[in-house]
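First up is the structure itself, then whatever we jot down about it.
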Amino acid sequence: MIRKMEFDDIPAVARILLADSSEIPWSENALATYLMREDAILLVLEEGGEVIAFAGVLLLTPEAEILDITVRKADQGKGCGRQLFEELLRETGKAGCKTVYLEVRKSNAAARGLYKSSGFEDFGVRKNYYTDPAEDAIVMKFQGV
């Protein structure tokens with residue numbers, strides 16, 4: 001089940017981000033701050049009453065920027081990321097966003113494949129955007145939500 005994230009979900013989401021994100025994870029305070037923002041949508045995917053994935057988007061209407069999509073390692077490869085990603089795109093469309101951007105590690109072939117199969121195209125490169133290890137980010141763009 002995909003639903004909007006609630007404050008009670010913060011510890012579970014923080015654990016997933018800490019264990020399974022390839023980036024510096026968001027703190028519980030950062031998650032709470034985004035939950036309070038009217039221009040952000042945070043979603044969780046729940047299975048058996050347990051949060052197993054998280055996604056967030058910042059609405060800059062008529063544009064949006066996907067902030068993060070993270071699936072618990074044990075649940076990767078089951079389509080959870082795709083479900084959450086597609087719901088995030090529906091929510092951006094409902095909010096009036098026509099263009100969606102995101103950044104992804106150049107080496108993250110699985111995520112780039114997901115995004116391309118959903119209509120995103122490479123738009124640019126941010127040199128050394130990521131750390132640990134240093135790597136370029138591919139900026140991707142989707143037009144026509």
Side-chain angles (χ1 to χ4, degrees), residues 1-61 63-123 126 129-145:
M1 173 178 81
I2 297 174
R3 62 176 173 77
K4 295 228 173 149
M5 186 175 158
E6 300 171 356
F7 283 99
D8 290 346
D9 297 319
I10 290 174
V13 169
R15 279 192 301 276
I16 290 169
L17 292 170
L18 182 61
D20 300 316
S21 179
S22 63
E23 307 310 320
I24 297 170
W26 296 18
S27 68
E28 289 191 19
N29 284 342
L31 289 165
T33 298
Y34 273 100
L35 267 177
M36 291 185 284
R37 291 179 63 153
E38 291 185 21
D39 62 348
I41 299 171
L42 303 181
L43 301 175
V44 294
L45 190 147
E46 193 176 62
E47 189 174 271
E50 190 175 355
V51 173
I52 63 168
F54 160 78
V57 64
L58 187 60
L59 306 172
L60 309 161
T61 309
E63 298 179 339
E65 181 179 349
I66 294 180
L67 302 169
D68 198 349
I69 300 173
T70 302
V71 177
R72 189 172 63 181
K73 284 228 190 300
D75 294 290
Q76 291 177 0
K78 298 179 182 178
C80 299
R82 179 174 295 280
Q83 289 175 30
L84 202 51
F85 183 63
E86 289 172 355
E87 183 61 25
L88 205 58
L89 289 178
R90 278 191 285 280
E91 290 290 329
T92 61
K94 286 183 205 173
C97 297
K98 304 292 184 211
T99 306
V100 181
Y101 295 93
L102 59 82
E103 292 98 9
V104 60
R105 278 186 181 271
K106 187 176 181 179
S107 65
N108 192 341
R112 289 178 69 191
L114 168 64
Y115 304 144
K116 284 188 179 200
S117 72
S118 296
F120 277 74
E121 297 178 353
D122 292 355
F123 181 69
R126 293 197 172 137
Y129 182 77
Y130 294 105
T131 58
D132 293 329
E135 186 173 357
D136 294 347
I138 302 298
V139 179
M140 300 183 79
K141 176 182 175 181
F142 179 75
Q143 194 79 39
V145 175

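What you see is a predicted model, and the numbers here were worked out from it, not measured in a lab. Just so you know, these numbers use all the heavy atoms, side chains as well, and skip hydrogens, waters and symmetry mates.
The aromatic rings of F120 and F85 lie tilted to each other, with the angle between the two planes from 30° to 60°.
Taking CG of D9 as the reference point, atom CZ of R3 lies at 4.0 Å (rounded to 0.5 Å). The CZ atom of F54 sits 9.5 Å away from the CD1 atom of I69 when rounded to the nearest 0.5 Å. Note that CG of L17 and CZ of R72 are 13.0 Å apart. Values are rounded to the nearest 0.5 Å. Distance CG/L45 to CZ/R82: 14.0 Å, rounded to 0.5 Å. Interatomic distance, CD of E103 versus OH of Y115, reported as 10.0 Å (0.5 Å rounding). Rounding to the nearest 0.5 angstrom, the gap separating the CD atom in Q83 from the CG atom in L88 is 13.5 Å.
For V71 against I16, the heavy-atom pair with the smallest separation is C-CG2, 4.4 Å. Taking both residues in full, the closest heavy atoms of T99 and Q143 are given as OG1-NE2, 2.8 Å, listed atom of the first, atom of the second, then distance. Counting all heavy atoms, side chain and backbone alike, D68 lies closest to T70 at OD1-OG1, 2.9 Å.
At a threshold of 4.5 Å between non-hydrogen side-chain atoms, the residues D122 and R112 count as touching. Considering only heavy atoms from C-beta on, E91 stays 4.5 Å or farther from V57 through its side chain.
A search for side-chain hydrogen bond (donor to acceptor under 3.5 Å, both in side chains) contacts involving T61 returns nothing, not counting sequence neighbours. For the ring pair (Phe, Tyr, Trp, His ring centres under 6.0 Å) test, residues two or more places apart in sequence or in another chain that qualify with F123 are Y101.
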Indicate every side-chain donor-acceptor pair of residues 30-43 with a distance under 3.5 Å to a residue at least two apart or in another chain.
{"residue": "T33", "atom": "OG1", "partner": "N29", "partner atom": "O", "Å": "2.9"}
{"residue": "R37", "atom": "NE", "partner": "D39", "partner atom": "OD1", "Å": "2.8"}
{"residue": "R37", "atom": "NH2", "partner": "D39", "partner atom": "OD1", "Å": "3.3"}
{"residue": "R37", "atom": "NH2", "partner": "D39", "partner atom": "OD2", "Å": "2.8"}

Exercise. Might you work through the side-chain contact (heavy atoms from CB on, under 4.5 Å) test for V44 and E6, ending with a clear yes or no?
Key: CA-CA 9 Å; V44 294; E6 300 171 356; over 6 Å; no

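Ionic pairing of E135 and R105 is present here: one or more N-O contacts between side-chain nitrogen and carboxylate oxygen are shorter than 4.0 angstrom.
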